[in-house]
Undergrad: 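Okay, here's the structure, questions in a sec.
A, B, ... follow the sequence lines: proteins, then strands. Residue 1 opens every chain.
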Amino acid sequence: MKLATWNVNSLNVRLPHVLDWLTANQPDVLCLQETKQEDSKFPYAAFSELGYHAVHIGQKTYNGVAILSRHPILNVQRNIPDFEDDQQRVLAADINGVRMVCAYIPNGQAVDSDKYQYKMRWLSALNAWLKTELTQHAKLALLGDYNIAPEDRDCHDPAAWEGQILVSPLEREAFNHLVSLGLSDSFRLFEQPEKSFSWWDYRMMGFRRNLGMRIDHILVSDALKVLCAAAYIDKAPRKLERPSDHTPVVLELNAG
DNA sequence: ATGGCCGCCTGGGGCGGA
């Protein structure tokens, strides 16, 4: 089974890229973030034509997440239970025996901002919810845009970024708190190229100069960890005309 | 990297992103 996550930065703009990528890569599941559209605008038919079921929760302008799947999508949960939030950032569903959680974790803007406080509250609520989810689902994957670079090697210039948003100690602590629930960063289960990133700023030729961050992740529970066969970042879509600033992150699982 | 891009709201700039 092939799983992937991709922050598309507007599905309205990026739909052709997503359809091309699905056709070329044939993932079983693709989680999308930042669709930036209401449910009524979501292109269910275009995905259906390629053989994909889909669930989406969205809103105008900001946020919005979707799960596309070749297998039936069951027991859908929209947003984090018992967490008051008007931002559409989470979908969870049972797919082919795996609890898939698609998350667009808040950016936080700057460590001294209200948005950072929201990010930390949000991560705390996610953690508490996943703790109970893991008691009910041995096979669980948390896929999405975490807006956290877990280690210095996930940042192109750790010295310049020290203490800043995406790398601050509290954010990394929250990431490690998720790991301590019994989750593993699937990307790091395999040997990877130096300076592997999943996001590059549109400005200053960030992609050309590889000034990026690895902030999109697929965390897996122990029951999935033993099935992991390959993990990689696909930089190809970032080279297209009018790309998303993020690029897909992929995990391949053995049957079991 | 810290103005510099992109997409969205809109019909001109401002906000959010990361």
Undergrad: Hey, does the side chain of T247(A) reach the backbone of A236(A) with a donor-acceptor pair shorter than 3.5 angstrom?
TA: no
Undergrad: With ring centroids as reference points, do F190(A) and Y232(A) lie under 6.0 angstrom apart?
TA: no
Undergrad: Looking at R203(A), I'd like to know whether one of its side-chain N or O atoms comes within less than 4.0 Å of OP1 or OP2 on dC5(B).
TA: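 Checking R203(A) against dC5(B): no side-chain N or O falls below 4.0 Å of OP1 or OP2.
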Undergrad: For H246(A) and for N12(A), locate the closest nucleotide of DNA chain B by heavy-atom distance; then report the residue assigned to the nucleotide nearer the 5' terminus.
TA: N12(A)
Undergrad: Between E38(A) (CD) and dC9(B) (C1'), how many Å, whole number?
TA: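 Rounded to whole Å, this separation is 12 Å.
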Undergrad: Take the protein atom CG of D245(A) and the nucleotide atom P of dA18(B), then report the distance between them rounded to whole Å.
TA: 7 Å
Undergrad: Considering only dC8(B), dA18(B), dG17(B), which nucleotide approaches the side chain of Y202(A) most closely?
TA: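 The answer is dG17(B), which lies nearest to the side chain.
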Undergrad: Measure from CG on L11(A) to P on dC8(B) and round the result to the nearest Å.
TA: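 Between P of dC8(B) and CG of L11(A): 10 Å.
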Undergrad: Consider the side chain of V13(A), meaning its heavy atoms from C-beta on, and name the nucleotide among dG17(B), dA18(B), dG7(B) that approaches it most closely.
TA: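 Given the options dG17(B), dA18(B), dG7(B), the side chain of V13(A) is closest to dG7(B).
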Undergrad: Starting at atom CD of E34(A), determine the distance to atom P of dC9(B), rounded to an integer number of angstrom.
TA: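 Answer to the nearest Å: 13 Å.
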Undergrad: Does L251(A) share a hydrophobic cluster with W21(A), counting links as ILVMFWY side-chain heavy atoms below 4.5 Å and allowing steps through other members?
TA: no
Undergrad: Rounded to whole Å, please give me the gap between CD in Q109(A) and C1' in dG16(B).
TA: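 From Q109(A) CD to dG16(B) C1': 7 Å.
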Undergrad: Just checking I165(A): base, sugar-phosphate only, or nothing, at a heavy-atom cut-off of under 4.0 Å?
TA: nothing
Undergrad: With a cut-off of 6.0 Å (strictly less than), are more than 12 heavy atoms of other residues, nucleotides or ligands near NE2 of H177(A)?
TA: no
Undergrad: Under 4.0 Å from OP1 or OP2 of dG7(B): is there any side-chain N or O of R14(A) that close?
TA: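 Result: yes.
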Undergrad: What is the distance, to the nearest angstrom, from the CG atom on D157(A) to the C1' atom on dT2(B)?
TA: 12 Å
Undergrad: Just how far, in rounded Å, is C1' of dC5(B) from CD of E241(A)?
TA: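 After rounding, the reported distance stands at 15 Å.
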Undergrad: P243(A) or N7(A): which one's nearest nucleotide on DNA chain B is closer to the 5' end?
TA: P243(A)
Undergrad: Check the phosphate of dC8(B) against N9(A), side-chain N and O only, distance under 4.0 Å to OP1 or OP2. Yes or no?
TA: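 The answer is no; no side-chain N or O of N9(A) sits under 4.0 Å from OP1 or OP2.
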Undergrad: Between dT10(B) and dG4(B), how far is it from one P atom to the other, in whole Å?
TA: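 Straight-line distance between the two P atoms is 23 Å.
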Undergrad: For the P atoms, the ones on dT2(B) and on dC15(B), what distance do you get once it is rounded to whole angstrom?
TA: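 About 22 Å, rounded to a whole number of Å.
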Undergrad: May I ask you to verify if any side-chain N or O of Y104(A) is less than 4.0 angstrom from the OP1 or OP2 atom of dA18(B)?
TA: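 The answer is yes; a side-chain N or O of Y104(A) sits under 4.0 Å from OP1 or OP2.
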Undergrad: Under 3.5 Å, is there an N or O donor on one side and an acceptor on the other linking the side chain of N107(A) and the base of dA18(B)?
TA: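 Present.
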Undergrad: Check DNA chain B against residues 204-215 of chain A and give the residues with a non-hydrogen atom under 4.0 Å, in numerical order.
TA: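 Output list: M204(A), I215(A).
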Undergrad: Salt bridge between D85(A) and R121(A), side-chain N to carboxylate O under 4.0 Å?
TA: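 Looking at R121(A) together with D85(A), the answer is no, because their closest N to O distance does not fall below 4.0 Å.
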Undergrad: dC9(B) C1' sits how many Å from K60(A) NZ, rounded?
TA: 8 Å
Undergrad: Looking only at side-chain N and O atoms, does S10(A) come under 4.0 Å of OP1 or OP2 in dC8(B)?
TA: yes
Undergrad: If you draw a 6.0 Å radius around NZ in K225(A), do more than 12 non-hydrogen atoms from other residues or ligands fall strictly inside?
TA: no
Undergrad: Using the C1' atoms only, state how far dG12(B) lies from dG7(B), rounded to an integer number of Å.
TA: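 Per the computed distance, 16 Å lies between those C1' atoms.
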Undergrad: For R203(A), is there an ion pair with D245(A) - N to carboxylate O distance below 4.0 angstrom?
TA: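 Salt bridge between D245(A) and R203(A), a charged N being under 4.0 Å from a carboxylate O: no.
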Undergrad: Is the count of non-hydrogen atoms from other residues, nucleotides or ligands lying under 6.0 Å from Q136(A) atom CD greater than 12?
TA: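 More than 12 within 6.0 Å, yes.
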